[in-house]
Visitor: 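Got a structure for you, questions after.
Values below: all heavy atoms of this structure, side chains included; hydrogens, waters and symmetry mates excluded.
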Amino acid sequence: MSELAVITGTTHGIGRVTSRELARAGKTVVMLCRDLAAASAVRAEILRQVPRATVEVVRCDLASLASVREAAATVRRDYPRLGLLVNNAGMVSTRRRTSVDGFELTFATNHLGPFLLTALLSDHLDKTARIIMVASRIHYRGRLDLAAVKDVRARYRSTAAYAQSKLANVLHTFALARRLAGTDISVNCLHPGVVATNLLPRWLRVIKPLITRVMFDAERGARTTVHLALDPSVAGITGRYFDEYQSPRDAAPLANDVELQESLWNMSAKWTRAPP
């Protein structure tokens, strides 16, 4: 496997820990982040802890399809084939907001941006690459309403928007795994647990009771992502959903609906103008 790892959402929480652990394992880590100053501080922190690490920063705002395209072009131009792509970044807006491209912001950031990024890097992957989607247990509560993604008048509830975006992550994982069948590239998704930090945002405090009674620190919360990224035992496993204890679990019935997977894929490809 190539030693290059690309990861989104590294300025706090499990993304920060995952980046450090990938660097500690000898990966060249390319952090895709919207906030370059915050990302540079994380890079400096990792280099203090892992002095021989190679950690670089590329600007990427997942809520902007143009920014995603620019970031993917930079990765393709400046770096060799990826051995690891970790779609880690996630957010939810407490009120309905619209991305620069006209999509509901939570869905745009959590699904459409990662969908396009993955598509643009798909032919820049090493032949045994691993793709990891950080989803959530809340996907079990998710319902897919694609019409509402572009309807500014649609009813908005932050927990429902977040659950929909996380269901989309799992649907995307399974659809991509089917498309990669017959190759040695794997794609899996996970629930990391709910991570308690001093920066725990209000929206996560709101949905936390819907997900779990147990809260992890960032070190513990990153464990499943790191396991899927590095552990030899998961080589060859693809199209699975893992829980916060590194165990494969059945995803929600909706996530296993192939027709729904294809509807989401086709609309996402249309909206993002992703390469086939």
Visitor: Please answer whether the main-chain N or O of L171 pairs with a side-chain N or O of H139 as donor and acceptor at a distance below 3.5 Å.
Guide: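 Such a contact is absent between H139 side chain and L171 backbone.
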Visitor: Please tell me whether T106 and E104 have a donor and an acceptor in their side chains that are separated by less than 3.5 angstrom.
Guide: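 Yes - a donor-acceptor pair under 3.5 Å links their side chains.
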Visitor: Is a side-chain donor or acceptor of D101 paired with a backbone partner of L65 at a separation under 3.5 angstrom?
Guide: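 Between the backbone of L65 and the side chain of D101 there is a qualifying donor-acceptor contact (under 3.5 Å).
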Visitor: Do R59 and E70 meet the salt-bridge criterion of a basic N to acidic O distance under 4.0 Å?
Guide: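 No, this pair does not count.
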Visitor: List, by chain and then residue number, the residues other than F174 in its hydrophobic cluster (Ile/Leu/Val/Met/Phe/Trp/Tyr, side-chain heavy atoms under 4.5 Å); write none if there are no others.
Guide: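 Grouped by the 4.5 Å side-chain rule, Y140, V170, Y241 form the rest of the cluster around F174.
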Visitor: A side-chain contact here means heavy atoms from C-beta on lying under 4.5 Å apart; do I131 and L125 qualify?
Guide: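 Side chain of I131 against side chain of L125, heavy atoms only: contact under 4.5 Å found.
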Visitor: Distance-only, no hydrogens or angles: does the N88 side chain make a donor-acceptor pair with backbone N or O of V134 under 3.5 Å?
Guide: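 Answer holds: no.
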Visitor: Hey, does the side chain of N110 reach the backbone of M91 with a donor-acceptor pair shorter than 3.5 angstrom?
Guide: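 Answer holds: yes.
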Visitor: Hey, could you give me the CD1/OG distance between I132 and S186, rounded to the nearest 0.5 Å?
Guide: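 These two atoms lie 7.5 Å from each other.
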Visitor: One pair to check against side chain to side chain contact (heavy atoms under 4.5 Å, CB included): T8 and L117. What are the steps and the verdict?
Guide: CA-CA 10 Å; T8 64; L117 179 67; 3.8 Å; yes
Visitor: Can you confirm whether L85 sits close enough to L121 that some side-chain heavy atom of one is under 4.5 Å from a side-chain heavy atom of the other?
Guide: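 Yes; the side chains approach each other to less than 4.5 Å.
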Visitor: Quick one: ring pair (Phe, Tyr, Trp, His ring centres under 6.0 Å) pairs with a partner in residues 15-54, sequence neighbours left out?
Guide: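 Not a single pair qualifies under ring pair (Phe, Tyr, Trp, His ring centres under 6.0 Å).
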Visitor: Using the side chain to side chain donor-acceptor pair (under 3.5 Å) definition, which of the options R137, R249, R223 pairs with E244?
Guide: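 Of the listed residues R137, R249, R223, the side chain to side chain donor-acceptor pair (under 3.5 Å) partner of E244 is R137.
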Visitor: With Q246, which of T224, T225, D231 fulfils side chain to side chain donor-acceptor pair (under 3.5 Å)?
Guide: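 The residue from T224, T225, D231 that satisfies side chain to side chain donor-acceptor pair (under 3.5 Å) with Q246 turns out to be T224.
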Visitor: Would you mind reporting whether R34 and L62 have side-chain heavy atoms less than 4.5 Å apart?
Guide: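 L62 vs R34: side chains apart.
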Visitor: Are any non-hydrogen side-chain atoms of D78 and E56 less than 4.5 angstrom apart?
Guide: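 When only atoms from C-beta onward are counted, E56 and D78 do not touch, as no gap falls below 4.5 Å.
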Visitor: If hydrophobic clusters are built from ILVMFWY residues whose side chains come within less than 4.5 Å, do L22 and V6 share one?
Guide: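 No, it is not one cluster - the side chains of L22 and V6 are not joined through contacts under 4.5 Å.
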Visitor: Hey, what do you get for CZ (R240) to CG (L190), rounding to the nearest 0.5 Å?
Guide: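 Nearest 0.5 Å value for the CZ-CG distance: 13.0 Å.
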Visitor: If you take all heavy atoms of A177 and T238, which pair is closest and at what distance?
Guide: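 A177 and T238 have their closest heavy atoms at CB-OG1, 3.9 Å.
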Visitor: Taking it one step at a time, do S233 and H227 satisfy side chain to side chain contact (heavy atoms under 4.5 Å, CB included)?
Guide: CA-CA 9 Å; S233 69; H227 173 76; 3.7 Å; yes
Visitor: Using the rule that Ile, Leu, Val, Met, Phe, Trp and Tyr join whenever any side-chain heavy atoms are under 4.5 Å apart, tell me whether V55 and L230 fall into a single cluster.
Guide: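 Yes, one cluster joins them.
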Visitor: So how far is it from I185 CD1 to S122 OG, rounded to the nearest 0.5 Å?
Guide: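 One finds 8.0 Å between CD1 of I185 and OG of S122.
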Visitor: Do M133 and L176 come close enough that some side-chain heavy atom pair is under 4.5 Å?
Guide: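 M133 reaches L176 side chain to side chain.
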Visitor: Does atom CZ (R69) have a neighbourhood of more than 12 heavy atoms from anything else shown, all under 6.0 Å?
Guide: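 Result for CZ/R69: enclosed.
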Visitor: When clusters are formed by joining ILVMFWY residues with side-chain heavy atoms under 4.5 Å apart, either directly or through shared neighbours, do M267 and F115 land in the same one?
Guide: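 M267 and F115: one cluster.
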Visitor: For T11 versus A39, what's the shortest heavy-atom pair and its separation?
Guide: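 Smallest heavy-atom distance, with atoms named: CG2-N, 3.7 Å.
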Visitor: CG of L146 to CG of D151: how many Å apart, nearest 0.5 Å?
Guide: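 Here the rounded value is 12.5 Å.
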Visitor: With side chains defined as the heavy atoms from C-beta onward, is the minimum distance between N169 and C189 less than 4.5 Å?
Guide: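 Sidechains of C189 and N169: no contact.
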Visitor: Donor-acceptor pair, H124 side chain versus P80 backbone, under 3.5 Å?
Guide: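 Here the side-chain-to-backbone pair exists.
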Visitor: Are V17 and V30 connected into the same hydrophobic cluster when the rule is that any two of I, L, V, M, F, W, Y join if their side-chain heavy atoms are below 4.5 Å apart?
Guide: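 No, it is not one cluster - the side chains of V30 and V17 are not joined through contacts under 4.5 Å.
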Visitor: Restricting to pairs with a member in residues 19-29, which pass salt bridge (charged side-chain N to carboxylate O under 4.0 Å, His left out), not counting sequence neighbours?
Guide: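 Sorted pair list: E3-K27, R20-E219, E21-R24.
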Visitor: Considering the options D126, L82, V29, which one meets the side chain to side chain contact (heavy atoms under 4.5 Å, CB included) requirement together with L4?
Guide: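 Result: among D126, L82, V29, L82 is the only option passing the side chain to side chain contact (heavy atoms under 4.5 Å, CB included) with L4.
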Visitor: Distance from R141 atom CZ to L167 atom CG, nearest 0.5 Å?
Guide: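 Between atom CZ of R141 and atom CG of L167 there are 13.5 Å.
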Visitor: For residues 110-124, which residue pairs pass the salt bridge (charged side-chain N to carboxylate O under 4.0 Å, His left out) check, not counting sequence neighbours?
Guide: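 Sorted result for residues 110-124: R76-D123.
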Visitor: Please report the closest heavy-atom contact between I138 and T159, naming both atoms and the distance.
Guide: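 Here I138 and T159 meet closest at CD1-O, 4.3 Å.
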Visitor: Scan for salt bridge (charged side-chain N to carboxylate O under 4.0 Å, His left out) pairs involving residues 162-186, sequence neighbours excluded, and state none if there are none.
Guide: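 Checked against salt bridge (charged side-chain N to carboxylate O under 4.0 Å, His left out) - neighbours excluded - the pairs reaching residues 162-186 are R178-E262, R179-E262.
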Visitor: Would you find a donor on one side and an acceptor on the other, under 3.5 Å apart, between the side chain of R16 and the backbone of V42?
Guide: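 Checked: no pair found.
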Visitor: Taking ring pair (Phe, Tyr, Trp, His ring centres under 6.0 Å) as the definition, give me every residue that meets it alongside W271, ordered by chain and number, with sequence neighbours left out.
Guide: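 Only F103 meet the ring pair (Phe, Tyr, Trp, His ring centres under 6.0 Å) criterion with W271.
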Visitor: Would you confirm whether T109, through its side chain, and L105, through its main-chain N or O, come within 3.5 Å as a donor-acceptor pair?
Guide: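 Such a contact is found between T109 side chain and L105 backbone.
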Visitor: Do V226 and L228 land in one hydrophobic cluster if side-chain heavy atoms of ILVMFWY residues count as linked below 4.5 Å?
Guide: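 Yes, it is one cluster - the side chains of V226 and L228 are joined through contacts under 4.5 Å.
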Visitor: Return the OG1 to CG distance between T128 and L84, rounded to the nearest 0.5 Å.
Guide: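 Here the interatomic distance stands at 10.5 Å.
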Visitor: Which pair of heavy atoms, one from I46 and one from A23, lies closest together, and at what distance?
Guide: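 I46 and A23 have their closest heavy atoms at CG2-CB, 3.9 Å.
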Visitor: For A168 and F107, which heavy atoms make the closest approach, and how far apart are they?
Guide: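 That closest heavy-atom pairing would be CB-CE1, 4.0 Å.
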Visitor: Do you know the tightest heavy-atom contact between N188 and I237?
Guide: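 Minimum heavy-atom separation between N188 and I237: ND2-O, 2.9 Å.
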